[in-house]
Structure formats: structure tokens, C-alpha cells
Amino acid sequence: MFGLNKKDSVLFVLVLFLTMCAPFLLNPFPQGSELAQFNAGYPDLMQRFVIFGIFAIGFNILFGLTGYLSFGHAAFLGVGSYAGVWMMKLLTMNVIPAIMISVIVAGLFSVLVGYVSLRRSGIYFSILTLAFAQMSFSLAYSVLTPITNGETGLQLNLDDPRILGVSEVNGSIPPPNLFGLSLRDSAEMTFGNWVFTFNTGYYMCAVLMLIAFYISIRIFRSPFGMMLRAVKSNQQRLNYTGLNTKPYTLAAFVISGMYAGLAGGLMVAMDPLAGAERMQWTASGEVVLMTILGGAGTLIGPVLGASFIKYCENIFSKINDNILHQWFAFMPDGIEDVIVFLVHPFVGKGWHLTLGLMFMLVVIFLPGGLVEGGQRIGRLFRRRKPDAASDASQTKPAE
Amino acid sequence: MGLLEVKNVNKRFGGLQALGDVNLSVAENTVHAIIGPNGAGKSTLLNVLVGKLIPDTGSVIFDGQSVLGRKPHEINQMGISRVFQTPEIFGDLTVLENVLIPCFARRDGSFKLHAFETVMHEREIVDMAEQMLTDVHMIEKRNLQASTLSRGDKRRLEMAMCLVQQPKLLLLDEPTAGMARADTNNTIDLLKEIKATRPITMAIIEHDMHVVFSLAERITVLAQGTPLVEDAPENIKGHPKVQEAYLGQSHE
Ligand SMILES: Nc1ncnc2c1ncn2[C@@H]1O[C@H](COP(=O)(O)OP(=O)(O)OP(=O)(O)O)[C@@H](O)[C@H]1O
Ligand SMILES: [Mg+2]
């Protein structure tokens, strides 16, 4: 299908199904029930799933294939966001130009950063990318304030020109739209106590993520993708085989930078503001965690990792002491207080502690990430048949 | 003039003269063996030829063009492929992919952004790689991960990766070291067969005299970085200087 082999087609259709039906799948619990807090079918959260999915898919093309670990990819996301907001200030609230300019600007910036950083490999490469990102972050706060609006962040104003659109509608800023279709619009569907929300913005992001995912599958199966894996495996050998590794790694770097730009553009399409904190090293680190947690170098891993982290962030950071007391109310008072006291640092603002622990557990016990976990469970269920599945992607033996 | 002309090449590592005034001419379509005791500078000489090292002085002319100062990938694209002393393969990739990469390098040059083609749909490339694997008797291992191969198989794979490029000059650094007798004989047969089917020049470093005398048409003996003698195989065997170098008696 679309030039994909059978296994990849199945994977793609699965992701297609999951993203299209997400409003149902993520809202399994009825409104008002105890468990409703574990629902994730809100537009805002679903948008974050797919936007960070795109970011991680792109990051995986660089890190998963070539092994070059960038610690500065949030810079491209941030630059893309600023460029996107400017488009919406100057041109129109239609998000298409904003998204396109985000990708282009992030791509150009990544050519510069990649060209310099790729002069080194290993830890030195990581440090160079980190340095670039921190420089961008500081610049956005200081010298570049006229462009970035410093600490406040870049926002839309009523008096923005928007030469292809309108500056204001009835005294307020018009909502971002896709050829007139407001991205904030949602349709709701009610079944008894269940409420499902279908948000235009989410579906636009989801379609773009599917395209991004499809492109990444094609890259993985292409000669170019094979060369990138060869870079990771033995760069020396690649050189002595007549291949110039520099343009290959630079191309991978720029492609992943453009994915980051796309994610940044979509963020402002959903919520038109951009702040420097988007470029901070913690944001760069987050995409590294997502990719490794999900399974670096696998197709689906980064998407899983991104959704997993964003879901946990949402759940864990919402929990406060009141909720904890409710949960442990069945226990004797003294013990309840002790338990709540012990759990407290891991939830709410402290949820990063939980994230850190999960990350350590995965790296130690599941170096292949969630994907490896899934494979292990799968193997437990069906006793491994002799490699029928892996043969599907191969070709006939020569005579 | 030979396909490869090495003139007055010197290379020092600190106080060690690894190569001292090396002159070597490899004639087109011959198998030229370079032998010598451990540490004689044989691998260092190959490193100079493929652009891994830059000599202190001297010149290296291949096919009428200077090699010095060029990047390894440029030198390979000129037509020089090298099998290393310790196998250099893509351990994380499959055996077939290991051979596909040089096929792409040969067809598309040192860089091509072929991000939307599918490897397995490139029929003629896949056929070429599979034919090569058949020739080296590894076709049934084509889906194995290369790092899981035995040492002998790794060497054979690396040789296949170099041969499939159809280089003008093939450099082999101890291609049979670590191989069982039967595999060594297979390798000799393979190289003879390649030699018989199409024009190729080889420079081969080897400690195994059986291999050397089965293949070589010309032999250079290197000792302490300097060529002692260069002659036809039948004249090398009994040469007093060679015996001396190998027995390590030289005190001059
Ligand atoms: N990069 C290097 N830095 C310093 N010394 C080196 C380097 N490469 C080689 N040498 C030294 O140069 C000398 C020649 O080494 P070389 O590897 O060329 O020998 P060789 O003839 O290939 O030996 P062998 O038969 O053991 O492979 C050795 O003494 C070695 O230690
Ligand atoms: Mg050697």
C-alpha cells in the first residue's frame, strides 16, 4: 500500500485507526465517575499527543538512525513557533502560511546548527547542539526582544496588520482557522454519560502527524535510511566504501529540524503564542526521553513515548493531596497520612520525579523502550513461529 | 608506468620510522604481494594509500592522479577498495545490506538523497548484491545480522563488499588471517576466479606463504619500513635478505 510493505502497511493502518478514533479511545470512562480523571480525550491533550509525536518522529530520524544525539532540538521547535506567530500577526489567521514558514525557518536554522555541530561526533556533537540551543534561548530573552517579545512571549494583538485577513473581529482577535474553518470548533457526541469531543484542530494535527509518520517509514526503508543506519554502525567503513557521511548526517539533521519546526508551527496554530522557555534545555531533553522511552530507532516508538509521557504528565501533575486522601481514605488515619506524605513528592509539581524513575526503569530493564516491552509481551502470548513474519519484507533468494 | 606508483614515501610516528623511503610500483592487472615481519609497516603503507594517513614526504599516484590529500571516500570513488586487517563491516545491518551499500556507492556516487525510493524495490542493485553473496557462498546468510557472523565469514563479507564495487585496485590486508584451512583455500579460489573473469589489480598483504605463492605474480618484501627486494615469486623464496628479515637477525 502506497509503496509500503505488508508489515509497515499494517502498522500505518493501526496508527491511522488510533489517531482517527482517539476521541473515543481516550475517553473510556463516563463523565462524573471516579475514573473520569484518567480520561485523555480532551482536545488540548490530544493535540499535545500528536504534536509531540511529530517532534519525536523527527528526532528519531536523526538519533534513532544515525545515533547522533542532539540536545538542542527544542531550539528548532521554538524558532518555528516564533516564525509561525509572526505569520499570524502579519499575514493571516489561516494557519497554513504559519505552519509552512515554521518548517522553512526551522529547516534553515538547522542547516546552520547542523553544519557546525556535525564537525564533531559523540559527546562533542551533543554539547555543541546544546550550546546552540541555550544561545538561542538567551538571545530570545535579551537581544532579540524586538522579535521575540522577551519574557512575556510573542502574542497576537488587536492592532496586528494581518494584511491578508482582518486585524480584529468585534473587538477580539479572530481565532486561528484553516481556510475559514475555526480550529477551536468542536463537535460533541453524547452516549448516556459518555461525552466525546471531536476538535477541528486535533484532526488537522492528526492528519499532519500521519503524513509525517508515513514519510518517516519511507525514509526508514529507503537507501538513504540504510546509509544513516550504516553511519551509526560503522562510519569508517562507510567512508572507505566511497560514501561521504557528512551530507547524509546533515540531511538527517535538517529533516529532523524541519519536523521540530512543524511541531512548533502546530503549537502556535492551536494556541497562538510563543515563549523562549520552549527552547530551554529541559524541552530538548524531553524529546530525548520520549524517543528513548518509546524505543529509539523503531518506527512507532517515538509516537508511543510522546503520548505516554504527555499522558502521564497530565495525570500525575493533576493529582494533589486532596485526591490522595480520597484514594487512601480506606486506610487507618495514621497510616493514610504516612502514605500520602510518601506519595506526595511524586505527584503534582513533583511529577518529574516519577518521570525520572520511569525513565531509569526503562533504560535498565527495557533498553529497547516500550516497543521492546510490547514485543516481549507479544512473544509470551504466541510461541514464536519460525520467522514467517520477518520473511515478508525480504525478497526471493537468488537462483 | 604502473597503475599505482608510490615514490619515496616516508612516515614517522614520533621516533619510529614506520615507512622509510618506500618505492613501489604495482603494474595493472597483476597480483602484487607485500610481505614482511610484524611491524614492518605493511598496514601503514595501506593506510597511506586509502587516505587514512598522510605521509611526511613522497608521492602516491594512482591511475595518473595523486591520492595524497584526498578524503577516503574520494579515493574509493577513484577505484581503490580495501579489506582491513580486522574486519570492518556494518555489524548492526544484515549481511545483504552490507553488500547493498557498496552497490549504491558504485551506482550513485558519494552522496544521493534517495529518501523516497525503497531499498528492496531497486531490483538491479539487489540482484547485484545477491549475486555477489552467491559467489562468496554466503547467500543463505543474507538476512543474518552481520555482527553475529564468525570471524571467517566477516572477512568474506568484507571481501564481497569490496569486490562488488569492481575496484580497479583491491587492497587486501591479511584476508585469510583467522580462517580455517578450507576457507583459506576457498578464498584463494575466489580471488583466482575474480582475476580470471575480469581485469583487476590486487595488492595483498599476507603472512600465509601458501596464499602468497598461490596468487602473487610479484612480491615486495618490506622490513622496518623499507622495501628489501622486489621480484618474481620464484626468486623470492631462497633470497638471503628475505630469510634474514624473517628470522629477525638484522643488526645493521
Ligand atoms: N597510528 C599509529 N601511531 C603510532 N604508531 C603506529 C601507528 N600505526 C602503526 N604504528 C607503528 O608502526 C609500525 C608499523 O605498523 P604496521 O601496522 O604498519 O605493521 P604491519 O606490517 O602491518 O604489521 P602486522 O603484520 O603485525 O600487521 C608498528 O611498530 C606500529 O606499532
Ligand atoms: Mg598489519
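Keep in mind that this is a model prediction, so the values were computed, not measured. Residue numbers start from 1 in every chain, and the chains themselves are labelled A, B, ... in the order their sequence lines are given, proteins ahead of strands.
Scanning both residues, B:H73 and A:L243, for their nearest heavy atoms gives CB-O, 3.5 Å. Across every non-hydrogen atom of A:R237 and B:V83, the tightest pair is NH2-CA, 4.4 Å. Between B:G91 and A:S233, the shortest heavy-atom distance links the atoms N-OG, 3.1 Å.
Neither the backbone nor the side chain of A:L228 comes within less than 4.5 Å of any heavy atom in chain B. For B:K52, the parts lying near chain A are the backbone and the side chain together; criterion is any non-hydrogen pair under 4.5 Å. Within the 4.5 angstrom heavy-atom criterion, only side-chain atoms of A:A251, from C-beta onward, approach chain B. Residue B:I89 touches chain A through its backbone alone, counting heavy-atom pairs closer than 4.5 Å. At a 4.5 Å heavy-atom cutoff, the contact between B:T118 and chain A is made by backbone and side-chain atoms alike. Neither the backbone nor the side chain of B:M78 comes within less than 4.5 Å of any heavy atom in chain A. Residue B:E97 touches chain A through both its backbone and its side chain, counting heavy-atom pairs closer than 4.5 Å.
Most heavy-atom pairs under 4.5 Å with chain B, from the set A:I215, A:T245, A:N244: that is A:N244. Listed options A:L238, A:I219, A:I255 were ranked by heavy-atom pairs under 4.5 angstrom with chain B; first place goes to A:L238. Your options are A:P223, A:P247, A:S222, A:A230, and the one with the most heavy-atom pairs under 4.5 Å with chain B is A:P223. The greatest number of non-hydrogen atom pairs below 4.5 Å with chain A, out of B:E158, B:E140, B:E74, B:M161, is found for B:E158.
Salt-bridge annotation for A:R221 and B:E117: absent, with no side-chain N of the basic residue lying under 4.0 Å from a carboxylate O of the acidic one.
Side-chain contact between A:Y240 and B:R82 is absent, with no heavy atoms from C-beta onward closer than 4.5 Å.
Rounding to the nearest 0.5 angstrom, the gap separating the CG atom in B:L93 from the CG atom in A:N234 is 10.0 Å. Within the model, atoms CZ of B:F111 and CE of A:M227 stand 10.0 Å from one another, a figure rounded to the nearest 0.5 Å.
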